[in-house]
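Single-structure report; data block below.
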Amino acid sequence: MIYSGRGFKDWEIGDIEVIVHEGVYHLYHLIIPNHDYIAHAVSKDGINWRRVKNAIFVGDPGEWDDDMIWTMDVSPTKDGFVMYYTGLSMADEGKTQRVGRAYSSDLILWTKDDRGALVESQGPYYEDLTNNPRGWLSFRDPYQYSHEGQNYLLICGRASAGATHHRGCVTIVREEADGFQLLPPLLYPGLYDDVECPCLVHIKDRFYLLGSIREDIKVRYWHSKDFLGPYESFHSDMLMPGGNYAARVVQDGDHMLLYNFYFSNKDLNHKRVLPPPKELDVDVDGKLYMKTYYRWVDMITDTVTQDKLPNLESRLQNHTSDSDIRPDSWTLSSISGYQIYSFARPGENIIWHGRITLEGMGKCGFVLNEDGEGNAYYISLDFVNGYVRIRTWGFNPEDMTQDFIFKKLQSNLFKPNADRSHRFQLIYYRNYIELSIDDQVQLTLVDETFREGNLGFYVASAKIVVSEIQVSTLVDDQTRYAEALMA
């Protein structure tokens with residue numbers, strides 16, 4: 001299973017922070033719904049995690065953080081590490097969020113700053129105790145950022161003016177010798193209730209500000225040439241498709257990793273898991289995009305080329321379909337209706353890549369974990385409009401009045417090529433699904449509906465040519481692999 005911090009509930013993992021130090025990945029995360037401590041796990045590959053000593057706990061009665069602990073950030077200092085975190089107090093019934101910090105020399109043992117809370121939401125720029133229409137103050141999810149020798153905190157806050165459900169902003173706080181100075185909002189979209197888990201990165205000549213939006217459970221971003229803004233949007237500001245949340249950027253050598261947790265079923269109170277990271281990059285237009293994590297190749301145990309794959313079989317009773325199977329290319333077609341062509345998956349966990357070219361104007365896509373009768377994940381590709389979507393589609397034996405499963409899981413947009421030919425890569429790893437088109441990750445999700453089955457393609461009034469296919473199997477003994485990594 002993908003890491004979930006599982007205990008009594010299988011959705012205990014909350015907002016996350018990852019830092020890489022001396023070749024070890026350190027994961028810190030909230031425990032939901034109690035918010036009573038910050039958990040700590042370590043990894044050598046950034047995918048397989050082992051829990052270690054918890055970082056910090058809620059304070060003793062009467063302390064500023066004696067009710068709950070919320071999102072944190074961990075950064076290196078000249079003497080070790082600092083953790084900024086959100087605390088709530090029982091004295092004010094948890095309605096006022098404040099930010100404090102703790103210190104560590106080794107990322108394991110943490111000591112809280114004995115000064116208690118360091119900064120909280122105040123006017124004139126932000127809501128305060130006299131101006132909080134919701135009855136509680138957002139001031140959480142600190143993110144430490146250094147610019148030109150000056151330390152700042154980015155915080156999920158609320159502007160002091162605007163419609164109640166549109167006040168969400170990114171607060172910026174400057175650290176000074178005698179405390180912290182609240183500056184005007186770094187970003188105020190004027191639309192969202194909150195902009196959660198903000199973080200900032202500088203790539204090439206731009207600053208990129210990331211934030212998670214509860215309204216649609218997506219990670220969005222803004223950009224600016226200047227650190228203090230103004231921050232603008234591209235025509236599409238979605239960085240991570242629906243269900244992905246609380247993203248934070250992690251520097252791993254030359255690689256800029258993007259970690260987040262995933263809401264199964266896109267439900268705020270459903271199972272949360274930690275997917276493998278993606279890498280962050282910028283295209284020629286200055287837009288952010290995700291690409292596959294570089295460490296996947298270290299996990300490959302075997303690779304099968306197209307000419308060595310198991311036989312490709314047609315699965316549906318469609319007499320208008322046809323196929324031409326050659327060692328280096330497969331031509332698959334159907335004049336009317338659907339046809340599925342699939343082959344046995346060479347391993348439980350795989351990386352599958354190749355090229356797919358559409359001829360004509362019909363429908364086509366991939367099937368994943370297909371059972372021989374058409375029950376599968378269907379990943380549709382619209383080569384004209386640049387639209388990709390994954391669904392569960394299969395038989396529902398529990399309700400014969402609606403004897404089918406048909407659920408949309410996730411969708412995204414990609415740039416279609418004029419020749420309707422695209423390279424693809426699909427990773428399936430312990431219920432994690434990741435699809436890249438022309439080296440850009442478009443789908444990233446976790447789902448458990450179909451756990452085993454074939455790989456393949458579907459066509460409907462279409463003809464496709466499939467070439468350059470390879471399927472690599474990935475190491476799949478989680479316990480043994482994780483223990484070996486940490487030895």
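- Of the listed residues (Asn132, Asp193, Asp194), just one forms a side-chain hydrogen bond (donor to acceptor under 3.5 Å, both in side chains) with Arg158, and that residue is Asp193.
- Ring-plane geometry between Trp110 and Tyr28 is classed as perpendicular, the angle between the planes exceeding 60 degrees on a 0 to 90 degree scale with a lower cut at 30.
- Aromatic ring centres of His29 and Phe261 lie farther apart than the 6.0 Å criterion allows.
- Side-chain atoms of Glu127 and Pro133, non-hydrogen and from C-beta on, do get closer than 4.5 Å to each other.
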Given Phe263 and Arg272, is the side chain to side chain contact (heavy atoms under 4.5 Å, CB included) satisfied, shown in steps? CA-CA 5 Å; Phe263 284 111; Arg272 299 179 179 94; 3.1 Å; yes
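- With no hydrogens or angles considered, no side-chain donor-acceptor pair links Tyr289 and Asp439 at under 3.5 Å.
- Using a 3.5 Å distance cut-off with no hydrogens or angles, the side chains of Thr77 and Asp79 do not pair a donor with an acceptor.
- Ring-plane geometry between His147 and Phe207 is classed as perpendicular, the angle between the planes exceeding 60 degrees on a 0 to 90 degree scale with a lower cut at 30.
- Between Tyr294 and His255, the angle of the ring planes stays under 30°, which puts this pair in the parallel group of the 30/60° scheme.
- Between the side chains of Glu196 and Tyr245, a donor-acceptor pair is found at a separation under 3.5 Å.
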Could you give me the CA-CA distance, side-chain angles and deciding distance for Ile433 and Val446, then say whether side chain to side chain contact (heavy atoms under 4.5 Å, CB included) is met? CA-CA 6 Å; Ile433 302 169; Val446 178; over 6 Å; no
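- Judged purely by distance below 3.5 Å, without hydrogens or angles, the side chains of Asn48 and Arg430 pair a donor atom with an acceptor atom.
- Counting heavy atoms from C-beta on, the side chains of Trp222 and Val170 never come closer than 4.5 Å.
- A search for salt bridge (Lys or Arg N to Asp or Glu O under 4.0 Å) contacts involving Asp15 returns nothing, not counting sequence neighbours.
- Contact of the Leu288 side chain with the Leu210 side chain is registered, since non-hydrogen atoms from C-beta on lie closer than 4.5 Å.
- At a cut-off of 3.5 Å, with distance as the only test, no side-chain donor of Asp382 or Ser380 sits close to an acceptor on the other residue.
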Check the pair Phe424 / Phe366 against ring-ring contact (aromatic ring centres under 6.0 Å, His included), numbers first and verdict last. CA-CA 10 Å; Phe424 71 88; Phe366 309 100; 4.6 Å; yes
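- Between His202 and Phe227, the gap from one ring centroid to the other reaches at least 6.0 Å.
- Taking 4.0 Å as the cut-off between side-chain N and carboxylate O, Asp237 and Arg220 count as a salt-bridged pair.
- Using the six-membered ring where Trp is involved, Phe450 and Tyr377 have ring planes that are perpendicular, over 60° apart on the 30 and 60° scheme.
- Remark: Asp285 does not engage Lys415 in a salt bridge, criterion side-chain N to carboxylate O under 4.0 Å.
- Taking Tyr432 as the reference, nothing meets the ring-ring contact (aromatic ring centres under 6.0 Å, His included) condition, with sequence neighbours excluded.
- Among pairs with a residue in residues 71-101, those fulfilling ring-ring contact (aromatic ring centres under 6.0 Å, His included) read His21-Phe81, Trp64-Tyr85, at least two apart in sequence or across chains.
- For the pair Leu381/Val388, a side-chain contact is recorded, criterion being any heavy-atom separation below 4.5 Å from C-beta on.
- With respect to the salt-bridge test (charged N to carboxylate O, under 4.0 angstrom), the residues Asp113 and Arg101 qualify.
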